[in-house]
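Taking it in order: structure first as structure tokens, then the write-up.
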Amino acid sequence: FSRSDESVKVAVDLHEGIESTLMILKHRLKANSERPEIEIIREYGNLPSIECFAGQLNQVFMNILSNAIEALEESSQDKTYDRIQSQPNQIRISTTFDPNQQQAIVRIADNGPGMSAEIQKQVFAHLFTTKPVGKGTGLGLSISRQIVVEKHGGYLSCESALGEGTAFIVEIPVK
């Protein structure tokens, strides 16, 4: 997962990076006494190898997926186990390739509580967090945006609707 290739971009399979990130987070996805397992739905498209700093992009996936898990856990607190089982917590990961822009698009969406427009405006701000004191640093999405935009020349955006969930879209140029 962690790589020593951070001084030069290397061609990698983004799906492998996503899968290794999911492997690390596997214990947080499992069912527990509070909620059933969080379902991962993979909708992987055909992606070419991407020249990138792989370890840094894996960190972006880790930050986004960790936040999705935390949002789903938070929204599960008000629900019974049976209700969650009938409307399962899900994270949907889809990948596509845009041949016109020559970029890979990774969309990570949850069916959690969603965010207000006010929070969406601040979500990438340095030190902004919605988590209680001692839980979040407010650095994860700020650093993720820096990695995607400044280090890779890509885009990182957020779409969310209260009560429907949140999606983060990572767009990375092939070269």
Side-chain angles (χ1 to χ4, degrees), residues 1-30 38-45 47-74 89-98 101-110 112 115 119-132 134-160 165-175:
F1 184 76
S2 178
R3 296 175 180 247
S4 58
D5 62 12
E6 300 310 322
S7 61
V8 62
K9 290 182 179 179
V10 296
V12 298
D13 178 348
L14 286 186
H15 296 139
E16 285 180 15
I18 294 167
E19 289 302 317
S20 67
T21 304
L22 288 170
M23 183 61 70
I24 291 168
L25 292 169
K26 190 174 189 171
H27 70 284
R28 296 187 56 201
L29 298 166
K30 288 182 179 176
I38 296 172
E39 296 176 3
I40 300 295
I41 300 164
R42 294 166 179 85
E43 297 172 334
Y44 290 169
L47 295 182
S49 291
I50 307 296
E51 287 185 18
C52 63
F53 299 110
Q56 291 181 18
L57 275 186
N58 288 351
Q59 186 62 51
V60 170
F61 300 143
M62 176 70 78
N63 291 338
I64 294 170
L65 287 164
S66 292
N67 285 347
I69 291 166
E70 289 164 12
L72 290 168
E73 287 176 336
E74 184 182 315
N89 289 329
Q90 296 178 334
I91 298 174
R92 183 177 304 272
I93 305 168
S94 59
T95 61
T96 54
F97 177 66
D98 180 341
Q101 299 294 321
Q102 284 295 297
Q103 64 185 5
I105 302 166
V106 179
R107 188 174 198 277
I108 300 173
D110 66 61
M115 291 185 269
I119 289 175
Q120 285 182 65
K121 288 180 197 169
Q122 303 175 72
V123 79
F124 295 110
H126 185 70
L127 300 179
F128 176 78
T129 183
T130 59
K131 297 172 187 154
K135 287 282 187 182
T137 62
L139 296 173
L141 290 175
S142 171
I143 290 169
S144 293
R145 175 168 261 176
Q146 186 177 21
I147 290 169
V148 171
V149 175
E150 294 175 23
K151 301 267 184 178
H152 292 89
Y155 299 97
L156 177 59
S157 57
C158 172
E159 299 171 352
S160 188
T166 300
F168 284 89
I169 299 93
V170 180
E171 301 174 53
I172 301 290
V174 172
K175 293 186 183 214

Side chains of residues 165-174: which donor-acceptor partners sit under 3.5 Å, not counting sequence neighbours?
| unit_1 | atom_1 | unit_2 | atom_2 | d |
| --- | --- | --- | --- | --- |
| Thr166 | OG1 | Ser160 | OG | 2.8 |
| Glu171 | OE1 | Gln103 | NE2 | 2.9 |

Nearest non-hydrogen partners of [X] and [Y], listed with the distance:
X      : Y      : result
Ala54  : Val12  : CB-CG1, 3.8 Å
Arg145 : Leu156 : NH2-O, 2.9 Å
Asp13  : His15  : OD1-N, 2.8 Å

Without hydrogens or angle criteria, can the side chains of Glu19 and Tyr44 be said to hold a donor-acceptor pair below 3.5 Å?
->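 Result is yes, a qualifying pair exists.
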
With rounding to the nearest 0.5 Å, note down the distance linking [atom1] in [X] to [atom2] in [Y].
X      : Y      : atom1 : atom2 : answer
Leu65  : Leu25  : CG    : CG    : 6.0 Å
His152 : Gln146 : NE2   : CD    : 12.0 Å
Asp98  : Leu47  : CG    : CG    : 11.5 Å
Ile38  : Gln90  : CD1   : CD    : 11.0 Å
Ser144 : Asn67  : OG    : CG    : 8.0 Å
Leu14  : Ile93  : CG    : CD1   : 12.0 Å

Is the backbone of Gly17 close enough, under 3.5 Å, to the side chain of Ser20 for a donor and an acceptor to pair up by distance?
->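 Such a contact is found between Ser20 side chain and Gly17 backbone.
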
May I ask you to decide if Val106's main-chain N or O and Thr95's side chain share a donor-acceptor pair within less than 3.5 Å?
->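 No, because the side chain of Thr95 does not come within donor-acceptor range (under 3.5 Å) of the backbone of Val106.
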
Taking only residues two or more places apart in sequence, or in another chain, which ones meet Arg92 in a salt bridge (charged side-chain N to carboxylate O under 4.0 Å, His left out)?
->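 Per chain and number, Arg92 pairs via salt bridge (charged side-chain N to carboxylate O under 4.0 Å, His left out) with Glu43.
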
Could you list the residues that satisfy salt bridge (charged side-chain N to carboxylate O under 4.0 Å, His left out) with Glu39, not counting sequence neighbours?
->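 Partners of Glu39 under the salt bridge (charged side-chain N to carboxylate O under 4.0 Å, His left out) test: none.
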
List in chain and number order the residues that pass ring pair (Phe, Tyr, Trp, His ring centres under 6.0 Å) with Phe97, two or more places apart in sequence or in another chain; answer none if no residue qualifies.
->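 Phe97 satisfies ring pair (Phe, Tyr, Trp, His ring centres under 6.0 Å) with no other residue.
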
With a 4.5 Å heavy-atom cut-off, do [X] and [Y] have their side chains touching?
X     : Y      : value
Arg42 : Leu22  : yes
Ile69 : Ile91  : yes
Ile64 : Leu141 : yes

Would you please name every residue forming a side chain to side chain contact (heavy atoms under 4.5 Å, CB included) with Lys151, sequence neighbours left out?
->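 By the side chain to side chain contact (heavy atoms under 4.5 Å, CB included) rule, Lys151 matches Phe53, Gln56.
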
Test side-chain hydrogen bond (donor to acceptor under 3.5 Å, both in side chains) applied to Gln102 - qualifying residues, sequence neighbours left out |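 Once residues adjacent in sequence are excluded, Gln102 has no partner under the side-chain hydrogen bond (donor to acceptor under 3.5 Å, both in side chains) criterion.
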
Does the side-chain contact (heavy atoms from CB on, under 4.5 Å) test come out yes or no for Arg28 and Glu70, once each step is laid out?
-> CA-CA 9 Å; Arg28 296 187 56 201; Glu70 289 164 12; 3.3 Å; yes

